[in-house]
Amino acid sequence: MSPIEHVWDMASELCIVENAGPLGIETRKWRNRHRFPRSKQPLPSFRCFSTSAFSDGVVPNEVTVYYQRGLPVITVPLPSRRERCRFTLRPVTSTVNDFLTDLQKEDKGIDRVSIQSTDGTRIASSTCIASLMNEDFHLIINDFVYLVKPPILEEVPSDQAECLSSVRARVAQLYEALHVDQHQLDTETRLLGQLEHLKEELAPLEKRKEELLTKAQRRSTALSWLGLALMGAQFGVLARLTWWEYSWDIMEPVTYFITYGTTIAMYAYFVLTRQEYILPDVNDRQTLFGFHKTARKSGLDVERYNVLKDNIAQVEEDLRRLRDPLQLHLPIKEPRR
């Protein structure tokens, strides 16, 4: 007989005896003879909750929160294994989504888990743990609702906060002094590897570019010699016409128009190219024009070549700045006088 059934029998017999009067004994015998059938299975056990908690459907004091070394530690009962599990949260870097994900990873029997405020408002998954710990909230796991009351953190006095700030600054400086060499070494290794990779990719393009550039320079040189030959031939023809065929009076207007035509051609060059007609610049322009024309025919990617050259120049500049004595905390050598 379960304890509840035993209490029920005693209460029934007492009520019958008190109200029986002179027939109390007969009534008790009648009840013993006409006992109600009882189930052989034990009755289900009941958990006792407070009136407010049972009416609201919230289980209090099941989830505890305390701070250990500045980090909130929350203890949650898992529904599947019926055991308590402790989770250490990071106030700044962790979010509500991280905490809920850890809960579901720890217990595969959790089908639904969420966090709400005490007034029933759902708290977003992107909320950081530090904001969550500022007020009480409800942790909902499957069909259980747990009331979580984070402890109140005492505010640090202003003088202690200032001292703590100075200590953090000192620790940061010490960390930088201890790890700056390793960081610079890692950065230099990465830049050197990147520079080597760029140079390997540039090598075949550089070789092809040198070949095409040499061919373009030869062509420009040939055009320069051809121009000199044409000018010499022009001088000879004019001299022949002046002293042998005709006189200077006839050839003077001809030479004037030839000179003026040459001036018109030079001005047209300026109008088209926006550059002054200077012979070295004209030679370089002709070489560059011939190089691009030959590169298009041979399939050389000039744009890719220029991008690689720019990237190499940028990496070399980064290496130069990294190896600067000020960055390496080395004494600067004074220039020799």
Side-chain angles (χ1 to χ4, degrees), residues 191-324 326 333-337:
L191 291 176
L192 288 176
Q194 185 177 359
L195 181 62
E196 182 180 358
H197 176 71
L198 291 174
K199 288 184 176 180
E200 289 180 358
E201 187 177 357
L202 182 65
L205 298 179
E206 185 73 27
K207 182 178 180 181
R208 185 59 180 167
K209 173 251 182 183
E210 292 295 335
E211 295 177 357
L212 297 180
L213 186 59
T214 302
K215 185 183 296 186
Q217 289 176 349
R218 290 177 181 175
R219 183 178 180 182
S220 299
T221 303
L223 290 177
S224 300
W225 283 103
L226 178 61
L228 179 61
L230 292 176
M231 292 178 67
Q234 180 184 5
F235 177 80
V237 171
L238 292 177
R240 173 73 181 182
L241 293 177
T242 302
W243 282 289
W244 277 272
E245 303 295 336
Y246 305 103
S247 64
W248 175 248
D249 295 334
I250 298 175
M251 294 303 300
E252 183 179 5
V254 176
T255 56
Y256 171 78
F257 281 109
I258 292 175
T259 305
Y260 191 72
T262 305
T263 305
I264 293 176
M266 295 173 61
Y267 184 73
Y269 176 85
F270 170 78
V271 172
L272 295 175
T273 63
R274 297 299 176 180
Q275 293 180 359
E276 189 176 357
Y277 190 84
I278 302 175
L279 294 179
D281 295 341
V282 173
N283 185 36
D284 294 340
R285 181 179 180 84
Q286 181 61 33
T287 302
L288 187 63
F289 178 78
F291 169 76
H292 281 278
K293 183 178 180 180
T294 310
R296 285 194 298 268
K297 292 181 179 180
S298 62
L300 176 64
D301 192 354
V302 181
E303 294 183 358
R304 180 59 181 169
Y305 174 84
N306 293 331
V307 170
L308 291 176
K309 293 289 288 187
D310 293 339
N311 293 338
I312 289 176
Q314 182 64 37
V315 173
E316 290 178 348
E317 177 65 18
D318 294 341
L319 284 173
R320 186 191 64 80
R321 294 176 56 188
L322 183 65
R323 293 168 178 174
D324 188 75
L326 293 178
K333 295 182 180 181
E334 297 183 358
R336 297 180 179 178
R337 296 181 181 178

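Note that the structure is predicted; figures quoted are calculated from it, not measured.
Residues satisfying the side-chain contact (heavy atoms from CB on, under 4.5 Å) test with L192, not counting sequence neighbours, are E188, L319, R323. Here E276 pairs with nothing under the salt bridge (Lys or Arg N to Asp or Glu O under 4.0 Å) rule; sequence neighbours left out. For the salt bridge (Lys or Arg N to Asp or Glu O under 4.0 Å) test, residues two or more places apart in sequence or in another chain that qualify with R320 are E317. For E245, the salt bridge (Lys or Arg N to Asp or Glu O under 4.0 Å) partners two or more places apart in sequence, or in a different chain, are R240. Evaluation of the side-chain hydrogen bond (donor to acceptor under 3.5 Å, both in side chains) rule for N311 yields no partner, not counting sequence neighbours. By the side-chain contact (heavy atoms from CB on, under 4.5 Å) test, T263 pairs with no residue at all, sequence neighbours left out. Annotation: side-chain hydrogen bond (donor to acceptor under 3.5 Å, both in side chains) contacts of Q314 (sequence neighbours excluded): D318. Evaluation of the side-chain contact (heavy atoms from CB on, under 4.5 Å) rule for Q217 yields L213, T287 as partners, not counting sequence neighbours.
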Q | side chain to side chain contact (heavy atoms under 4.5 Å, CB included) evaluation trace for S224 with T221 | A | CA-CA 5 Å; S224 300; T221 303; 5.5 Å; no

Q: Check the pair T255 / T242 against side chain to side chain contact (heavy atoms under 4.5 Å, CB included), numbers first and verdict last.
A: CA-CA 10 Å; T255 56; T242 302; 5.6 Å; no

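Pairs engaging residues 211-226 under the salt bridge (charged side-chain N to carboxylate O under 4.0 Å, His left out) rule: R208-E211 [sequence neighbours left out]. Listed by first and then second residue, the salt bridge (charged side-chain N to carboxylate O under 4.0 Å, His left out) pairs involving residues 288-309 are E201-R304 (not counting sequence neighbours). Residue pairs meeting the ring-ring contact (aromatic ring centres under 6.0 Å, His included) criterion with at least one partner in residues 254-307, sequence neighbours excluded, are Y269-Y277. Residues in residues 207-248 take part in no ring-ring contact (aromatic ring centres under 6.0 Å, His included) pair, two or more places apart or across chains.
Interatomic distance, NZ of K209 versus OG1 of T294, reported as 13.5 Å (0.5 Å rounding). The structure places CD of E206 at 8.5 Å from CD1 of I312, a figure rounded to the nearest 0.5 Å. For the atom pair CD of Q194 and NE2 of H197, the computed distance is 8.5 Å after rounding to the nearest 0.5 Å. How far CG of L212 is from CG of L300: 6.0 Å, rounded to the nearest 0.5 Å.
A pairwise comparison of heavy atoms in V315 and L191 identifies CG1-O, 3.5 Å as the closest pair. Closest approach of G290 and A216 over heavy atoms only: C-CB, 4.0 Å.
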